[in-house]
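Read the numbers this way: they start at 1 and go in the same order the structure lists the ligands and their atoms. Residues: numbered from 1 along the sequence shown.
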Amino acid sequence: MKTLDTAQDRYARSHLVFEQAQQLMPGGVNSPVRAYKAVGRDPIVVRKGSGARVTDVDGNPYIDYVCGYGPLILGHTDDRVLAAVNKAASKGISFGMPTKAESTLAGMIIEAVASIERVRFVNSGTEATMSAIRLARAATRRDKVIKFTGCYHGHSDGLLVEAGSGATTLGVPSSPGVPSSVTQHTLLAPYNDEQAVGALFAQHADAVAAVIVEPIAGNMGCVLPREGFLQELRQLCDEHGAVLIFDEVMTGFRVAYGGAQLLYGVKPDLTCLGKVIGGGLPCAAYGGRADLMQQVSPQGPVYQAGTLSGNPLAMAAGIATLEALQEPGVYDVLEQAGAALVGGLEAGAIAAGVPVRCSHVGSMVCCFFTDAPVENYEQALRCDTGAFGAFFRGLLDRGVVIPPSQYETWFVSTAHDPGCIDQTIEAASQAFEVLAGH
Ligand code: HOZ
């Protein structure tokens with residue numbers, strides 16, 4: 001095994017820690033995309049984070065656009081979140097019994113998200129989508145679920161079909177180990193193609209329990225819904241008696257306090273939340289119409305449970321985060337930062353002659369390495385992932401870390417001040433120049 005004395009580069013300690021990690025955990029990580037397999041190098045190993053920045057175990061600082069893959073909308077170690085978590089921890093870190101904090105956060109979510117009348121906390125986005133689908137199936141007494149290629153709703157069996165995020169990054173959009181008896185109930189349509197959804201409804205009359213969609217797709221890069229797409233889904237579900245599920249794990253409280261459903265003016269029947277509502281601690285939720293949610297156990301027969309669900313530390317972090325997001329102007333600041341970043345990336349790419357298409361909604365940002373529009377998974381797959389990898393490495397060497405895949409979204413936080421954005425644009429412009437061979 002390599003020792004620190006023989007490793008010379010500025011990432012020496014990261015290499016060493018990761019080498020040891022690979023002997024202990026599959027791929028050295030606890031979630032596949034973290035292993036940097038798609039960007040041609042080993043990951044940096046993080047020691048600490050503060051504000052918009054993280055520092056690796058070698059002491060190298062980076063402006064961070066991973067932001068925990070979305071929860072850290074206030075940046076790292078926000079004082080308000082830390083104080084709330086510390087206070088909660090001093091009173092007990094887990095009870096498995098009801099707490100007042102659960103009702104406080106539930107109330108904040110119900111007040112913020114128009115379509116949610118009742119909510120159930122779980123621990124991850126995977127659990128939220130899996131549970132929402134179980135509920136939709138129970139309520140409709142139907143089995144089939146329509147999902148969109150390139151959308152990612154966590155790693156439960158029935159949803160791990162043509163999935164984005166790490167599944168696409170690593171070239172296994174449909175995983176082995178998932179029985180075909182399960183996936184036979186998953187119907188696929190291209191994102192932004194309501195006609196394909198209509199055709200599936202026609203083909204499987206009275207068998208479709210739900211349509212599940214990321215209202216802004218954030219797991220094949222960041223792909224925006226075409227005008228009218230979400231409205232059409234609402235209409236199709238109404239016509240066919242199916243449940244419309246918005247997976248707002250990424251977009252909830254991120255693109256607006258009321259989520260993407262507020263932004264686009266479409267009310268789903270069920271909504272899945274995660275990331276921001278836990279302020280960086282493991283927390284997610286599903287919620288929606290009261291007549292549906294009252295079918296969840298113990299009020300109804302649809303079983304779903306969790307030892308750590310509604311954990312007091314996660315509730316405290318979530319409450320503190322949502323309180324901070326209620327301050328006037330927060331979403332304007334995030335929008336300005338996202339827009340400035342995308343503007344700078346585009347200018348840098350044009351100056352270097354590198355073809356890219358950038359997208360953003362508020363603080364969700366993506367830079368596709370292609371000269372063609374990206375409105376669905378097929379188009380996303382045409383991106384030059386080799387160029388993305390070179391750009392990623394160029395940014396890293398210049399002190400900026402973004403998610404290590406073309407098929408992830410960058411997250412801007414309120415801690416990314418204009419200085420951070422300018423520094424990032426400068427680093428990106430240089431990385432584009434290097435990529436273009438100038
Ligand atoms: N899939 C989530 C973001 N696209 C979480 C990141 C992960 O897979 O580790």
Side-chain angles (χ1 to χ4, degrees), residues 18 21 25-39 43-46 49 54 64-73 122-130 147-157 159-175 191 212-224 246-255 260 272-285 314 359-361 363-368 374 377 380-381 383 385 388 392 401-413:
F18 186 60
M25 297 173 281
V29 291
N30 286 302
S31 197
V33 76
R34 296 178 198 173
Y36 281 23
K37 277 196 180 293
V39 291
I44 55 163
V45 174
V46 176
V54 292
D64 175 26
Y65 293 94
V66 181
C67 279
Y69 285 95
L72 302 178
I73 196 164
V122 290
N123 298 292
S124 68
T126 295
E127 271 185 76
T129 55
M130 182 184 77
K147 85 170 273 289
F148 296 90
T149 52
C151 280
Y152 178 76
H153 307 288
H155 59 92
S156 67
D157 282 353
L159 292 171
L160 206 51
V161 185
E162 295 293 313
S165 190
T168 290
T169 304
L170 299 172
V172 283
S174 303
S175 174
Y191 194 75
I212 185 165
V213 65
E214 296 179 68
I216 299 163
N219 286 290
M220 49 176 148
C222 182
V223 177
L224 277 57
F246 273 11
D247 179 345
E248 293 226 46
V249 168
M250 206 176 264
T251 53
F253 292 92
R254 156 101 20 213
V255 294
C272 300
L273 295 167
K275 301 196 189 272
V276 171
I277 64 160
L281 273 77
C283 179
S359 64
H360 92 106
V361 182
S363 56
M364 289 173 66
V365 168
C366 181
C367 185
F368 288 111
V374 179
Y377 186 49
L381 289 179
C383 289
T385 52
F388 173 86
F392 174 91
V401 61
I402 63 172
S405 166
Q406 177 69 95
Y407 306 111
E408 296 288 351
T409 293
W410 310 14
F411 295 101
V412 179
S413 78

Quick one: which ligand 1 atoms are inside 4.0 Å of a heavy atom on [X]?
| X | result |
| --- | --- |
| Tyr152 | 1 (N) |
| Asn219 | 1 (N), 3 (C), 4 (N) |
| Tyr69 | 3 (C), 6 (C) |
| Val33 | 7 (C), 9 (O) |

Between Cys151 and Lys147, what is the shortest heavy-atom contact and its length?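 Scanning both residues, the minimum pair turns out to be O-NZ, 3.1 Å.
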Which heavy-atom pair separates Tyr152 from Leu160 by the least distance, and what is that distance?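 So the two residues come closest at CE1-CD1, 4.2 Å.
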Taking N or O atoms only and a 3.5 Å limit, does Ser31 qualify as a polar contact for ligand 1?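 Right, the criterion is met.
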Would you check the N or O atoms of Glu408, main chain and side chain alike, for any that come under 3.5 Å of an N or O of ligand 1?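 Yes.
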Which residue owns the protein heavy atom closest to atom 1 (N) of ligand 1, what's the atom, and how far is it?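 Here the closest protein heavy atom is Ser165 OG, 2.8 Å.
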Just jot down the ring pair (Phe, Tyr, Trp, His ring centres under 6.0 Å) partners of Phe18, sequence neighbours excluded, or say none.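 For Phe18 there are no ring pair (Phe, Tyr, Trp, His ring centres under 6.0 Å) partners, ignoring immediate neighbours.
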For Phe368, what residues pass the ring pair (Phe, Tyr, Trp, His ring centres under 6.0 Å) criterion, not counting sequence neighbours?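 Phe368 satisfies ring pair (Phe, Tyr, Trp, His ring centres under 6.0 Å) with no other residue.
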Of Thr129, Thr126, Asp247, the residue whose pairing with His153 passes side-chain hydrogen bond (donor to acceptor under 3.5 Å, both in side chains):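 Of all the options given, the one that passes is Asp247.
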Is it true that Lys275 lies under 4.0 Å from ligand 1, counting heavy atoms only?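 It does, in that a heavy atom of Lys275 comes within the 4.0 Å cut-off of ligand 1.
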Should the ring pair Phe148 and Tyr191 be called parallel, tilted or perpendicular, given that the plane angle runs from 0 to 90° and is split at 30 and 60?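 Correct class here is perpendicular.
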